[in-house]
Amino acid sequence: MRARLATVLDAPMIATLFHNAFGGHSPIPEAVIVQQLQSHRVHYLMEKHGRAVLSFTVVLDEVEIDYLAVLPDNQRQGLGQALLGHLLEQQAGNRILLEVAANNQPAQKLYAKMGFQTYNERKNYYQDGQTAILMEKRS
């Protein structure tokens, strides 16, 4: 799979992908995506054809994965795993952090498969009252 860093020109595609991947509820408005890309603080790694995106923030020797989204029609084809693998190669040596909803078993299985381990949880973290599972991978 070919991956590339997104640019400001990709913001509409990212917003649409988020909207579709998250059931019509985009976690980030397009205007915020544009601001993030302009600031160079939050990075978006995209699959070549725009079917999957991973957003992450790098602070010194830690990387926080904010979102990993794959278009519904393209899920379970290895795109998310490939993007995640690409990021892990790029960030070898850094501690990688993420949070995932306790009811999102497919994502938890993917992260465990890629070497992430649970280190904590946050009860009632999401708006729907769902618990967040905190995971990390140390290289």
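Just the heavy atoms: all of them, side chains too, but no hydrogens, waters or symmetry mates, feed the values below.
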Heavy-atom closest contact (E30 atom, A15 atom, distance): CB-CB, 3.8 Å

Chi angles and distances behind the side chain to side chain contact (heavy atoms under 4.5 Å, CB included) call for K113, Q81: CA-CA 9 Å; K113 178 179 179 179; Q81 181 175 335; 3.2 Å; yes

Smallest separation among heavy atoms of A3 and L83, with atom names: CB-CD2, 3.8 Å

Short side-chain donor-acceptor distance under 3.5 Å, Q117 and K137: no

Nearest atoms (heavy-atom pairs only) where L71 meets G50: CD1-O, 4.0 Å

Residues L84, L54; criterion side chain to side chain contact (heavy atoms under 4.5 Å, CB included); working and verdict: CA-CA 8 Å; L84 186 56; L54 185 153; 4.2 Å; yes

Salt bridge (Lys or Arg N to Asp or Glu O under 4.0 Å) partners of K123, counting only residues at least two apart: E121

Which atom of L17 lies closest to which atom of R51, heavy atoms considered: CD1-C, 3.5 Å

Student check: side-chain heavy atoms of L37 and L9 closer than 4.5 Å: no

4.5 Å side-chain heavy-atom contact, R122 and T131: no

Residue pairs, two or more places apart or on separate chains, that pass ring-ring contact (aromatic ring centres under 6.0 Å, His included) and touch residues 91-114: Y111-F116

Residues which pass side chain to side chain donor-acceptor pair (under 3.5 Å) with T16, listed by chain and number, not counting sequence neighbours: none

Q105 atom CD, neighbour heavy-atom count above 12 within 6.0 Å: yes

Carboxylate-amine/guanidinium proximity below 4.0 Å for D10 and R4: yes

Cluster link Y126 to I133, ILVMFWY, side chain under 4.5 Å: no

Closest contact, heavy atoms only, M135 versus Q108: CE-O, 4.3 Å

Mutual orientation of the aromatic rings belonging to Y44 and F18 [parallel < 30°, tilted 30-60°, perpendicular > 60°]: tilted

Same apolar cluster (I L V M F W Y, side chains within < 4.5 Å links), L134/F56: no

Q77 side chain to L79 backbone, donor-acceptor under 3.5 Å: no

Enumerate, atom names and distances included, each donor-acceptor pair closer than 3.5 Å involving a side-chain atom of residues 87-101, sequence neighbours excluded.
| from | atom 1 | to | atom 2 | distance (Å) |
| --- | --- | --- | --- | --- |
| Q90 | NE2 | H86 | NE2 | 3.4 |
| Q91 | OE1 | N94 | ND2 | 2.7 |
| R95 | NE | E136 | OE1 | 2.7 |
| R95 | NH1 | E62 | OE2 | 2.9 |
| R95 | NH2 | E136 | OE1 | 2.8 |
| E99 | OE1 | Y125 | OH | 3.3 |
| E99 | OE2 | Y125 | OH | 3.3 |

Sub-4.5 Å side-chain heavy-atom contact between Q36 and S55: no

Nearest-0.5 Å distance, CD1 of residue I14 to CD1 of residue I33: 5.5 Å

From L5 atom CG to H40 atom NE2, the distance as rounded to the nearest 0.5 Å: 11.0 Å

Q75 side-chain N/O to V70 backbone N/O, donor-acceptor pair under 3.5 Å: yes

Residues that D73 engages under side chain to side chain contact (heavy atoms under 4.5 Å, CB included), provided they are two or more places apart: none

Pairing residues for D66 by the side chain to side chain donor-acceptor pair (under 3.5 Å) criterion, not counting sequence neighbours: T57

Flag side-chain contact, heavy atom, 4.5 Å: V58 against R41: no

